[in-house]
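Here the structure comes first, spelled out in structure tokens, and everything after it is commentary.
One-based numbering, in listed order, for ligands and for the atoms of each. Values below: every heavy atom of this structure, side chains too, minus hydrogens, waters and symmetry copies. Remember, it's a predicted structure, so these values are computed and weren't measured experimentally. Residue numbers run from 1 in the order of the sequence given.
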Amino acid sequence: MTPILAIHGGAGTMRADTMTPALEAQFHAGLRSALLAGHVVLTKGGSAVDAVTQAVMALEDDPLFNAGRGAVYTSGGLQEMDAAIMDGRDRAAGAVAGILGPRNPILAACAVLASEHVMLQGAGALAFCREHGVEFAPAAFFHTDKRWDALQAELERRRLTAADTRDDAAKHGTVGAVACDAAGNVAAATSTGGMTGKAPGRIGDCPVFGAGTWADNATCAVSATGHGEYFIRHAAAHDIASRMRYLGETLEQAANVVVEELGSIGGSGGLIAVDGQGHVSLPFNSAGMYRGVIGVDGVARTGIYRETLVA
Ligand code: ASP
């Protein structure tokens with residue numbers, strides 16, 4: 001079995017006409033370092049679950065991406081983060097929702113995975129994290145002017161028009177990783193600030209198992225990004241696993257159908273998926289999706305729009 005890791009940094013890519021070469025290079029560099037952070041775990045014989053944790057931590061630490069540091073703001077001007085992790089060996093799962101405090105929300109999800117719980121939210125989740133020694137950071141650590149300005153622009157847009165005229169790029173952002181380790185075990189991790197101007201208390205698909213995050217050795221591991229409500233209502237991640245299981249579809253077939261179907265009903269976004277044989281699929285129905293793959297050759301390949309991944 002050859003270990004493999006795939007990541008995404010959200011399907012809400014900047015429009016190609018507003019992207020600059022310098023910013024594009026920064027996104028590629030951020031994706032590359034996250035790939036390498038996860039890859040080093042796999043090359044040392046580590047587990048898929050540890051690899052996806054490291055990759056997602058790197059993306060959370062990078063303020064370019066909408067998770068952890070650099071998360072977007074709710075309409076109430078706060079940051080509320082969701083994160084989830086699932087281990088395909090035994091379907092052990094842990095998720096947190098609506099939290100602000102843990103430096104790396106994915107580590108809060110890991111702490112839940114290691115407990116008797118599966119999902120914790122809000123104040124109770126934070127108390128749990130404190131009890132379990134999860135590292136916290138002050139609110140200022142998570143702030144970026146870019147996300148604050150995006151909220152102001154969104155609130156202004158709402159004042160001027162009732163219609164939602166935003167394009168994909170304005171709506172999305174999330175980070176995630178899926179991996180298959182040398183033993184053929186798969187895992188998935190997803191972390192997000194959600195959507196700019198989301199209602200306080202709104203929880204997206206990321207921490208909902210079977211919607212934005214799923215892992216089962218028998219089929220696949222999936223981490224999604226996009227308009228969360230659609231992914232929840234269509235149980236997107238679990239639908240891929242079910243198609244493989246009951247229809248005998250390949251990972252590629254199942255992932256493509258689900259993303260296409262979501263697109264046809266207005267659910268823009270994409271996902272990354274890996275199966276227990278190390279096949280990878282990275283479909284999206286939006287203009288782009290920050291993404292990358294790294295296999296045994298140790299070469300990090302990344303992409304933003306519809307181009308072939310570049311080393
Ligand atoms: N799926 C995330 C959410 O709905 C946002 C995103 O991935 O862009 O919270």
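In terms of polar-atom proximity, defined here as any N/O pair under 3.5 Å, Gly226 does make such a contact with ligand 1. In terms of polar-atom proximity, Thr225 is counted as a contact of ligand 1, with an N or O under 3.5 Å from an N or O of the ligand. Considering backbone and side-chain atoms alike, Asp205 places an N or O below 3.5 Å from some N or O of ligand 1. The N/O atoms of Gly204, backbone and side chain alike, include none that comes under 3.5 Å of an N/O atom in ligand 1. By the 3.5 Å distance cut-off applied to N or O atoms, Thr174 is counted among the residues near ligand 1.
Around the CD atom of Gln121, the shell of radius 6.0 Å holds no more than 12 heavy atoms that belong to other residues, nucleotides or ligands.
Pairs of residues two or more places apart, or lying in two chains, that qualify as side-chain hydrogen bond (donor to acceptor under 3.5 Å, both in side chains) and include a residue from residues 44-53 are Ser47-Asp50.
For the pair Gly173 and ligand 1, a heavy-atom separation below 4.0 Å is found. Look at Cys206 and you'll find every heavy atom at least 4.0 Å from all atoms of ligand 1. Residue contact annotation: Arg202 has a non-hydrogen atom under 4.0 Å from ligand 1.
Annotation: Tyr230 is not in aromatic contact with His234 [ring centroid separation under 6.0 Å not met].
Looking at Arg69 and Glu60, their side chains never come closer than 4.5 Å, going by heavy atoms from C-beta outward.
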Per-pair distances, 0.1 Å, donor-acceptor, side chain in residues 19-39, under 3.5 Å, sequence neighbours excluded:
{"residue": "Thr20", "atom": "OG1", "partner": "Leu23", "partner atom": "N", "Å": "3.1"}
{"residue": "His28", "atom": "ND1", "partner": "Thr302", "partner atom": "OG1", "Å": "2.7"}
{"residue": "Ser33", "atom": "OG", "partner": "Ala29", "partner atom": "O", "Å": "2.9"}

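Salt-bridge formation is detected for the pair Glu154/Arg158: a Lys NZ or Arg NE/NH1/NH2 atom is positioned less than 4.0 Å from an Asp or Glu carboxylate oxygen.
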